[in-house]
Amino acid sequence: MNESQRFRLGTVGALSLSVVSSVSIVICNKALISTLAFTFATTLTSWHLLVTFCSLHVALWMKLFEHKPFDARAVMGFGILNGISIGLLNLSLGFNSVGFYQMTKLAIIPCTVLLETLFFRKKFSRNIQISLAILLVGVGIATVTDLQLNVLGSILSLLAVVTTCVAQIMTNTIQKKFKVSSTQLLYQSCPYQAITLFIIGPFLDGLLTNKNVFAFKYTPQVLFFIVLSCLISVSVNFSTFLVIGKTSPVTYQVLGHVKTCLVLAFGYVLLHDPFSWRNILGILIAVIGMVLYSYYCNIESQQQKANDVSAQLPQVKESESDPLISVENGSGILSDGVVQKAPTWNSNKDLEA
């Protein structure tokens, strides 16, 4: 199996892990919040991150990955920003209707595209833009119901969208800039995210629910679902960093909307949630958008790799024809017009860039 095949297999594995773990944790948290009345979402997220850090620390002790320290200020800023974006998303849900909150989540993709275009000069083809629009329309039809606006809720939603976009773009750029893996970045940023949410979590949850997380009655059933949710969150957090590192923030958001549709479907099948023809139509349109997005991304990726290879061919031909050039470790030295050893060129070079 060559490098290209291993990369694709790893990407498919990361996407699959993200879907399975995210759908699982949503179903678990729905039982915890709706059935058992544990409504402290931000505090629960801080526990998720704490368990994730402890799990990664054990993995490091077992030498399953290598610790690679890098810019401490970048890690701290990234971790705190991630924690703030989670808190703002929860506040957005608390101060807006469910429909407006769904619109907030839908706005993350266009905002990410805009930021990457303006600051990173990244170009999105018309086919990609159309497929994203189809996806967003489908998810909007399936999830957005009532749209009730208020000033505070709108401001919180705007801040949530911007911080989430920046945090996800940073997840991708930090991994590439400092050449760290998703596991290494998650391990170093987890403490800052957990501390941020652990400090603001009880306050936010109290503001949104008028309840005290420390005064809640923790029955064995509640504790079981909390522990289960924390264990699943290890996979969720790991797969999030893995997907963004291997693909892009936009692809991760596309995957997130696909998971939303799956959650709706599983909720209907397993939990007998209300389901209408509007939900079915929206999910079908969203799936079409996802398939088109995946297809065009794959086509453009192959074209980009072909362009990279063809761009190197003139350089290789030039080195073959120039008798004054000697190539170490592969070509030998040309003398008297006789080639002693043919130049070695790896056709897979830069295919994974």
Side-chain angles (χ1 to χ4, degrees), residues 22 26 39-46 49 74 76-122 124 128-129 132-174 189 192-193 196-197 199-209 240 244 248-260 263 282 286 289:
S22 295
V26 166
T39 54
F40 311 103
T42 309
T43 303
L44 180 62
T45 304
S46 71
L49 291 164
M76 182 183 298
F78 169 71
I80 293 174
L81 180 63
N82 252 321
I84 292 174
S85 70
I86 294 171
L88 285 170
L89 281 171
N90 288 337
L91 279 175
S92 175
L93 178 58
F95 283 91
N96 290 300
S97 64
V98 174
F100 191 81
Y101 174 72
Q102 290 296 339
M103 287 295 296
T104 298
K105 292 174 65 177
L106 291 177
I108 292 175
I109 284 184
C111 183
T112 303
V113 170
L114 178 63
L115 290 177
E116 289 196 308
T117 302
L118 291 177
F119 296 101
F120 295 92
R121 306 299 181 190
K122 185 173 182 179
F124 296 86
I128 293 291
Q129 294 174 12
L132 288 174
I134 294 173
L135 172 72
L136 294 177
V137 168
V139 176
I141 292 173
T143 60
V144 177
T145 52
D146 57 321
L147 285 177
Q148 299 175 9
L149 303 179
N150 65 82
V151 176
L152 179 59
S154 300
I155 294 173
L156 290 171
S157 294
L158 177 62
L159 292 174
V161 169
V162 173
T163 53
T164 300
C165 292
V166 173
Q168 291 180 359
I169 291 173
M170 286 180 67
T171 303
N172 183 270
T173 54
I174 286 177
S189 63
Y192 299 108
Q193 296 183 60
T196 301
L197 290 176
I199 293 173
I200 68 175
F203 170 74
L204 291 184
D205 289 334
L207 181 65
L208 297 173
T209 64
T240 297
I244 296 177
S248 69
V250 173
T251 299
Y252 175 73
Q253 284 299 321
V254 170
L255 185 67
H257 292 308
V258 172
K259 290 184 286 190
T260 299
V263 168

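Every heavy atom of this structure was used, including side-chain atoms; hydrogens, water molecules and symmetry mates were not.
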Chemist: Find the distance between CD1 (I86) and CG (L81) and round it off to the nearest 0.5 Å.
Modeler: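 I86 CD1 to L81 CG: 10.0 Å, rounded to 0.5 Å.
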Chemist: Measure the spacing between CD1 of I84 and OG1 of T164 and express it to the nearest 0.5 Å.
Modeler: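 Rounded to the nearest 0.5 Å, the CD1-OG1 separation comes to 11.0 Å.
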Chemist: With a 4.5 Å heavy-atom cut-off, do S189 and I174 have their side chains touching?
Modeler: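 The answer is no, as the side chains (C-beta and beyond) never meet within the 4.5 Å cut-off.
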Chemist: Check whether any side-chain N or O of N90 sits under 3.5 Å from a backbone N or O of L204 as a donor-acceptor pair, and report yes or no.
Modeler: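 Such a contact is absent between N90 side chain and L204 backbone.
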Chemist: Could you grab the distance from atom CG of L93 to atom CG of L208, nearest 0.5 Å is fine?
Modeler: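 That separation rounds to 8.0 Å.
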Chemist: Can you check whether T42 reaches L91 side chain to side chain, under 4.5 Å on heavy atoms?
Modeler: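 They are not in contact (no side-chain heavy atoms under 4.5 Å apart), so the answer is no.
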Chemist: Dump the intermediate steps for side-chain hydrogen bond (donor to acceptor under 3.5 Å, both in side chains) on T104 and N96, then the final yes or no.
Modeler: CA-CA 10 Å; T104 298; N96 290 300; 5.2 Å; no
Chemist: Considering non-hydrogen atoms only, spot the tightest contact between L49 and Q193 and give its length.
Modeler: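 Shortest heavy-atom separation between L49 and Q193 comes out as CD1-CB, 3.5 Å.
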Chemist: Within this structure, what is the CG-CD distance for the pair L115 and Q168, rounded to the nearest 0.5 Å?
Modeler: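 Here the interatomic distance stands at 11.0 Å.
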Chemist: Which of these, I200, L44, T43, sits in a side-chain contact (heavy atoms from CB on, under 4.5 Å) with D205?
Modeler: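 Among the candidates, only T43 passes.
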Chemist: If I take atom OG1 from residue T171 and atom CG from residue N82, how far apart are they, to the nearest 0.5 angstrom?
Modeler: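 Here the interatomic distance stands at 5.5 Å.
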Chemist: Any heavy-atom pair between the side chains of N172 and Y252 that's under 4.5 Å?
Modeler: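 No, every pair of side-chain atoms sits at 4.5 Å or beyond.
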Chemist: Considering non-hydrogen atoms only, spot the tightest contact between L106 and P110 and give its length.
Modeler: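 Smallest interatomic distance, heavy atoms only, reads O-CD, 3.1 Å.
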Chemist: Could you walk me through whether F119 and I169 pass the side chain to side chain contact (heavy atoms under 4.5 Å, CB included) check?
Modeler: CA-CA 11 Å; F119 296 101; I169 291 173; over 6 Å; no
Chemist: Looking only at heavy atoms, which two atoms of T117 and V113 are closest? And how far apart?
Modeler: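 Looking at all heavy atoms of both residues, the closest pair is OG1-O, 2.7 Å.
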Chemist: So how far is it from I109 CD1 to Q129 CD, rounded to the nearest 0.5 Å?
Modeler: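 The CD atom of Q129 is 12.5 Å from CD1 of I109, to the nearest 0.5 Å.
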Chemist: Is a side-chain donor or acceptor of S92 paired with a backbone partner of L88 at a separation under 3.5 angstrom?
Modeler: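 Here the side-chain-to-backbone pair does not exist.
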Chemist: Which heavy atom in L135 sits nearest to a heavy atom in A286, and how many Å separate them?
Modeler: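 That would be CD1-O, 3.2 Å.
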